[in-house]
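To start, the structure under review is shown below, and the notes come after it.
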Amino acid sequence: EAEAGSRAFSAGELLKAAEAFGRAVALDPTRPAYSVLRARALGELLAENDLSVPNRARLATVVGIWDELLAADPGNEEYAQAVPRLFEKVGDEAGRERWLTTRAANRLLAPAVRAAALRSATEPLLSRAARARAAGRPAEAGRLAGRARERLEAALALDADAVASHALRLRALELELEAARSAGDAAREGRLEALRSGARKAADEA
């Protein structure tokens, strides 16, 4: 069945491949590779930027497979990175964020793994903040950047040596500072300048 699924996948017959891999899982559930192949085939069937009921139902099925794989192998980053990409494909940003923040809250995972999930959940916030700034909405940019910074500080509390978290926190602080200057909020600007100075020092040490 796995061989049949591989042939079907190569031929572009994705549904047929997924069904064959599903039968392989049923015959031998001890091999996670069969579930991975099934998830990949079903993931290819997802329509891009489509939040219709059928597409969301298929998304839930695929995410469920990856979640089962992660339950058996919680620290597997290959599995963990596959799920956010699926949410991105269908255009479900809120679902992506929920899944990542739930993973970050899982105390059974290693701190570095939880920190990586928080970083991934934060990147879209920073992108939205940058777009808001470019569109002349500094207050919104500052609010989003503040949320991002709080999340990155939580990531650094879990993994203080992660250079990526330090870099993103500095980016968030820059956006917050710009928003404070635009609003003429000198007191907030002073607080953020002090935070940025400390963040730079921590980043240099890391």
Side-chain angles (χ1 to χ4, degrees), residues 9 12-19 21-22 25 32 34-109 112-135 137 139-155 158 162 164-165 168-169 171-172 175:
F9 191 94
E13 298 174 322
L14 299 172
L15 184 57
K16 184 177 178 181
E19 291 171 346
F21 290 134
V25 172
Y34 297 158
S35 291
V36 170
L37 292 167
R38 180 175 178 237
R40 287 177 179 164
L42 288 170
E44 289 291 324
L45 284 165
L46 287 170
E48 293 186 17
N49 299 314
D50 179 356
L51 294 175
S52 65
V53 172
N55 209 44
R56 289 174 73 94
R58 179 164 282 160
L59 172 66
T61 298
V62 187
V63 171
I65 296 170
W66 287 118
D67 281 341
E68 287 178 7
L69 287 162
L70 281 164
D73 188 2
N76 191 309
E77 281 303 296
E78 179 188 350
Y79 299 168
Q81 290 172 16
V83 179
R85 287 196 292 268
L86 294 171
F87 283 109
E88 288 171 12
K89 182 176 182 179
V90 303
D92 187 356
E93 186 176 314
R96 177 185 185 278
E97 185 172 348
R98 278 195 304 273
W99 190 88
L100 285 166
T101 52
T102 299
R103 181 167 172 77
N106 186 349
R107 294 180 180 273
L108 297 177
L109 297 176
V113 171
R114 295 170 62 196
L118 278 172
R119 276 198 307 276
S120 294
T122 301
E123 287 166 355
L125 282 177
L126 288 174
S127 296
R128 285 163 57 196
R131 290 196 298 271
R133 181 198 60 181
R137 301 193 301 273
E140 181 183 350
R143 178 179 58 80
L144 290 167
R147 281 180 58 198
R149 175 173 55 83
E150 290 171 1
R151 199 170 280 176
L152 291 162
E153 286 168 354
L158 291 166
S165 294
L168 289 172
R169 178 170 64 163
R171 176 62 176 148
L175 289 165

(Q) Show, in sequence, the C-alpha distance, side-chain angles and deciding distance for Leu100 and Leu118, and conclude whether the side-chain contact (heavy atoms from CB on, under 4.5 Å) test is met. (A) CA-CA 7 Å; Leu100 285 166; Leu118 278 172; over 6 Å; no

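- Annotation: side chain of Thr101 is in contact with side chain of Arg151 (closest heavy-atom distance under 4.5 Å).
- Taking the side-chain hydrogen bond (donor to acceptor under 3.5 Å, both in side chains) definition, one finds that Asn106 meets it with nothing, sequence neighbours left out.
- Glu19 meets the salt bridge (Lys or Arg N to Asp or Glu O under 4.0 Å) test with no other residue; sequence neighbours excluded.
- Here the closest non-hydrogen pair linking Leu109 and Pro74 is CD2-CB, 3.2 Å.
- Partners of Arg131 by side-chain hydrogen bond (donor to acceptor under 3.5 Å, both in side chains), not counting sequence neighbours: none found.
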(Q) Assess the residue pair Leu37 and Phe9 against the criterion (side-chain contact (heavy atoms from CB on, under 4.5 Å)); give the C-alpha distance rounded to whole Å, side-chain angles, the decisive distance to 0.1 Å, and a yes or no. (A) CA-CA 9 Å; Leu37 292 167; Phe9 191 94; over 6 Å; no

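- Applying the salt bridge (Lys or Arg N to Asp or Glu O under 4.0 Å) test to Arg149 and every residue at least two apart in sequence or in another chain returns Glu153, Glu176.
- The list of salt bridge (Lys or Arg N to Asp or Glu O under 4.0 Å) pairs with a residue in residues 55-73, not counting sequence neighbours, reads Arg56-Asp92.
- Contact check for Val113 versus Arg103: side-chain heavy atoms found under the 4.5 Å cut-off.
- Contact between Ala145 and Ala129 at its shortest, heavy atoms only, is N-CB, 4.0 Å.
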**Q.** Worked verdict on Leu86 versus Leu46 for side-chain contact (heavy atoms from CB on, under 4.5 Å)
**A.** CA-CA 8 Å; Leu86 294 171; Leu46 287 170; 3.7 Å; yes

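- Not a single side-chain hydrogen bond (donor to acceptor under 3.5 Å, both in side chains) links Arg171 to another residue, sequence neighbours left out.
- At a threshold of 4.0 Å, the pair Arg85-Glu78 does not count as salt-bridged, since none of the basic side-chain nitrogens sits closer than that to a carboxylate oxygen.
- The distance from atom CG of Leu152 to atom CD of Glu123, rounded to the nearest 0.5 Å, is 9.0 Å.
- Residues Pro84 and Ala80 come closest through the heavy atom pair CD-O, 2.8 Å.
- Looking at residues two or more places apart in sequence or on another chain, you find a salt bridge (Lys or Arg N to Asp or Glu O under 4.0 Å) between Glu88 and Arg96.
- Judged as a side chain to side chain donor-acceptor pair (under 3.5 Å), the pairs with a partner in residues 44-55 (not counting sequence neighbours) are, in order, Asp50-Ser52.
- Partners of Arg137 by salt bridge (Lys or Arg N to Asp or Glu O under 4.0 Å), not counting sequence neighbours, listed by chain and number: Glu140.
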**Q.** Stepwise side-chain contact (heavy atoms from CB on, under 4.5 Å) test for Thr122 and Leu168
**A.** CA-CA 9 Å; Thr122 301; Leu168 289 172; 5.5 Å; no

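- For the residue pair Leu69 and Pro32, the shortest heavy atom distance occurs at CD2-CB, 3.7 Å.
- Listed here is the closest heavy atom pair of Val62 and Ala39: CG1-O, 3.5 Å.
- The number of heavy-atom neighbours closer than 6.0 Å to NZ of Lys16, taken from other residues, nucleotides and ligands shown, is 12 or below.
- Note that CG of Leu144 and CZ of Arg133 are 12.5 Å apart. Values are rounded to the nearest 0.5 Å.
- Ala18 meets the side chain to side chain contact (heavy atoms under 4.5 Å, CB included) test with Ala41, Leu42; sequence neighbours excluded.
- Arg128 is linked by a side-chain hydrogen bond (donor to acceptor under 3.5 Å, both in side chains) to Glu93, counting only residues two or more places apart in sequence or in another chain.
- Applying the ring pair (Phe, Tyr, Trp, His ring centres under 6.0 Å) test to residues at least two apart or on different chains, the pairs with a partner in residues 74-97 are Trp66-Tyr79.
- The minimum heavy-atom distance between Arg38 and Gly22, with the atom names listed, is CD-CA, 3.6 Å.
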